[in-house]
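The next block holds one structure in the form of structure tokens; read it before the comments.
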Protein chains: 2
Amino acid sequence: MSEANDQRRRRVTIVDVAKHAGVSTAAASRVLRNAYGASESMRARVQASMEELDYRPHGPARGMRGRTFTIGVVVSDLENPFFSLITDGLSSLIRPKSYELFVSPGGFEVPPQKSVVEAMIDHHMDGLVLVAPPMSIAELEQIAMSIPLVVVGHHSQSPAFDTVAADDERGAQLVVDHLVGLGHRRIAFVMHADGRGDEARPESHRLHGFERAMSQHGLASDAIVVDSRWSLDGGGDAARQIDALDTPPTAVHAGADIVALGMMNELWAGGKSVPEAYSLVGYDNSSTSSLGPIWLTTVDQSGVEMGKRVGHLLIERIEGRSEARHEVFEPRLVVRGTTTRPA
Amino acid sequence: MSEANDQRRRRVTIVDVAKHAGVSTAAASRVLRNAYGASESMRARVQASMEELDYRPHGPARGMRGRTFTIGVVVSDLENPFFSLITDGLSSLIRPKSYELFVSPGGFEVPPQKSVVEAMIDHHMDGLVLVAPPMSIAELEQIAMSIPLVVVGHHSQSPAFDTVAADDERGAQLVVDHLVGLGHRRIAFVMHADGRGDEARPESHRLHGFERAMSQHGLASDAIVVDSRWSLDGGGDAARQIDALDTPPTAVHAGADIVALGMMNELWAGGKSVPEAYSLVGYDNSSTSSLGPIWLTTVDQSGVEMGKRVGHLLIERIEGRSEARHEVFEPRLVVRGTTTRPA
DNA sequence: TTGAAAGCGCTAACAC
DNA sequence: GTGTTAGCGCTTTCAA
């Protein structure tokens with residue numbers, strides 16, 4: 001032990017590994033990256049040294065030249081249960097491939113989300129997942145120029161990035177079919193008004209699905225669309241709007257679980273309840289919707305499966321694919337306690 | 001324009017900025033970091049160049065020498081609403097200081113959480129926040145050797161890292177006082193059994209608070225402790241255990257909102273409800289607890305405020321403080337509909 | 001198949 | 001107050 005003992009251990013670097021294994025740093029790097037051009041014997045020797053020295057690659061240094069092995073996920077808020085299903089599926093797929101997942105809440109507006117996205121690009125993440133982003137297609141294509149991108153819950157067919165979404169038109173149709181099957185005719189849909197006009201957004205697809213299904217049942221004139229926001233507060237607002245209607249609906253498709261919860265809240269505050277006031281359907285099959293006292297009829301989007309698919313597509317893109325993929329998942333109706341025959 | 005136009009724009013680097021402003025890269029770097037040693041005029045000139053060239057620093061390159069300006073947050077799962085309150089408060093404090101927040105779900109077990117923590121260390125995050133970690137104090141101190149660390153919801157007094165927690169003993173006492181005030185005597189507490197023996201964990205403090213408060217009211221022999229897990233399933237399990245008791249309690253402190261929800265679920269499945277079966281209290285004041293049909297009496301931990309405090313402490317640590325701070329927040333009882341006088 | 005060496009963009013000594 | 005320069009730990013030519 002001729003060398004002095006450092007106060008705090010210096011990090012083990014690839015140079016240490018190479019020295020320990022008696023090879024060049026280039027060789028050690030090739031082994032680390034599973035790259036072409038290393039014999040089996042060398043591979044084994046270097047891996048043994050890495051093991052023995054407890055070597056862990058320095059992220060920023062890798063990022064200077066090659067990949068950082070990080071994947072960024074931007075969501076509006078962390079609380080949305082659908083988002084955590086996506087990240088669960090995603091991480092189960094990418095962690096085994098030694099990518100790390102970093103999630104960042106970007107808010108519901110365009111400017112804060114964009115700056116979070118920029119931060120991820122600046123930190124040289126290898127790929128980016130945007131979940132239900134508020135940005136326009138043009139803005140998303142702009143982002144896709146700097147980083148491999150998969151967008152979840154967006155229905156664009158852009159050639160610049162991949163999308164994974166549930167068939168929202170079909171989902172809305174399942175809801176209407178179910179309600180009409182129970183005998184309802186006058187049915188309302190709560191729309192996230194910000195999304196109007198942007199055909200790529202889920203709310204547009206759910207709205208179209210609702211309107212088309214109502215028409216198919218010959219109920220076009222019984223369809224009511226309530227403009228609000230898809231949030232807890234927006235649900236309360238929608239409930240108040242519906243309450244003020246001259247001829248109120250007997251059933252409501254809230255568009256999203258969070259909206260349905262807000263509506264239940266508002267009804268409850270007024271001493272009313274569901275399904276007595278009207279039948280109510282959500283969308284997302286969030287964990288809250290399955291709680292006994294809530295027991296909300298809703299639409300399931302198989303978020304975990306979607307998350308896995310997202311991981312698969314993103315890794316393909318990171319590894320070089322450049323043609324876009326657009327995948328659509330089949331939604332599934334989950335009938336629970338908030339829908340009954342009309343009085 | 002003597003230079004050829006690149007196919008895709010090369011990133012603007014600090015060298016470009018320095019050249020454009022007619023200064024050295026060191027000077028540009030000093031301006032970028034707001035570091036000492038740059039005159040007002042130079043500062044202005046460099047900032048103008050950065051603006052004009054739309055310069056954005058290269059994260060990995062900064063990380064090689066100095067800070068990465070990233071803060072990592074490890075939570076068990078993204079879905080827990082208390083966690084998102086913490087991150088909300090945290091990000092509101094650190095983003096203005098140009099730190100970026102990256103959250104990673106680490107699971108409920110020690111091994112996966114540790115590997116997520118290691119990934120964050122390997123990526124040279126400047127600071128780390130662990131929310132309700134399952135690790136032992138020794139393991140946390142180990143981590144704190146490599147990275148500035150603030151632990152949320154942990155009651156250790158370790159000199160190696162900071163902690164921010166609510167006064168869980170006090171919180172449990174508020175619950176007992178409330179229930180006893182309503183006339184309850186036989187009261188159960190649901191314990192997260194994994195935490196038994198680890199005095200640093202919130203569940204231990206809440207248990208002690210419960211037992212002490214019951215003793216103070218002369219009800220030591222009426223106190224029931226049910227061993228389960230603090231999860232939705234664990235709540236169901238606890239409800240079944242309580243149902244099987246010879247002399248069941250008239251009130252239950254579930255220990256955490258998520259447990260109370262699981263219990264309501266189980267009761268609901270059996271055709272019973274709260275507070276008819278027994279009065280029920282949670283802990284966390286999660287957004288679900290305030291939904292009309294749930295309307296759970298609970299304890300509020302002011303998560304957003306705690307998150308802000310966490311950010312403050314972490315930045316202090318990153319900037320050099322080495323003595324530990326241990327901050328305790330006062331909890332607040334939120335009385336809603338699940339607690340009434342005993343029948 | 002392997003190694004030597006250049007350099008990624010930035011920061012931190014140190015010199016002026 | 002300002003500039004020069006030597007790296008940080010890795011990947012990637014390029015030559016052997």
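Residue numbers start from 1 in every chain, and the chains themselves are labelled A, B, ... in the order their sequence lines are given, proteins ahead of strands.
- To the nearest angstrom, P of C/dT1 lies 15 Å from CZ of A/R45.
- Between the A/S104 side chain and the B/L101 main chain, a donor and an acceptor come within less than 3.5 Å of each other.
- Counting non-hydrogen atoms under 4.0 angstrom, B/A35 reaches nothing in the nucleic acid.
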Please list, one pair per line, the donor and acceptor atoms closer than 3.5 Å that link side chains of residues 308-316 of chain B to other protein atoms, with sequence neighbours excluded.
residue: B/R309; atom: NE; partner: B/E327; partner atom: OE1; Å: 2.5
residue: B/R309; atom: NE; partner: B/E327; partner atom: OE2; Å: 3.3
residue: B/R309; atom: NH2; partner: B/E327; partner atom: OE2; Å: 2.9
residue: B/H312; atom: NE2; partner: B/E316; partner atom: OE2; Å: 3.1
residue: B/E316; atom: OE1; partner: B/R321; partner atom: NE; Å: 2.6
residue: B/E316; atom: OE1; partner: B/R321; partner atom: NH2; Å: 3.3
residue: B/E316; atom: OE1; partner: B/R325; partner atom: NH1; Å: 3.2

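- A/R67 and A/D126 are not joined by a salt bridge, as no carboxylate oxygen comes within less than 4.0 angstrom of a charged side-chain nitrogen.
- An end-to-end axis angle of 30° holds for the helix from C/dT1-D/dA16 to C/dC16-D/dG1, taken from five base pairs per end and rounded to 10°.
- Panel note: side chain B/E139, backbone B/S136; a donor-acceptor pair is recorded below 3.5 Å.
- The footprint of chain A on DNA chain D, defined by a heavy-atom cutoff below 4.0 Å, extends from D/dG9 to D/dT12.
- Using bins of under 30°, 30° to 60° and over 60° for the plane-to-plane angle, the ring pair B/H326/B/F161 lands in the perpendicular bin.
- Pairs of residues two or more places apart, or lying in two chains, that qualify as ring-ring contact (aromatic ring centres under 6.0 Å, His included) and include a residue from residues 127-155 of chain B are B/H155-B/H205.
- With sequence neighbours left out, A/R45 forms a salt bridge (charged side-chain N to carboxylate O under 4.0 Å, His left out) with no residue at all.
- A donor-acceptor contact shorter than 3.5 Å links the side chain of A/T68 to the backbone of A/H124.
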Between the protein and nucleotides 6-10 of chain C, list the N/O to N/O atom pairs that are separated by less than 3.5 angstrom.
residue: C/dG7; atom: N3; partner: A/R65; partner atom: NH1; Å: 3.3
residue: C/dC10; atom: OP1; partner: B/Y55; partner atom: OH; Å: 2.5
residue: C/dC10; atom: OP1; partner: B/H58; partner atom: N; Å: 3.2
residue: C/dC10; atom: OP2; partner: B/I14; partner atom: N; Å: 2.3

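- Ring orientation note: the planes of A/Y99 and A/F69 are tilted relative to one another, at an angle of 30° to 60°.
- More than 12 heavy atoms of other residues, nucleotides or ligands lie within 6.0 Å of CD in B/E319, so this atom counts as buried by the packing criterion.
- Across all strands, B/A26 comes closer than 4.0 Å to base atoms (heavy-atom distances).
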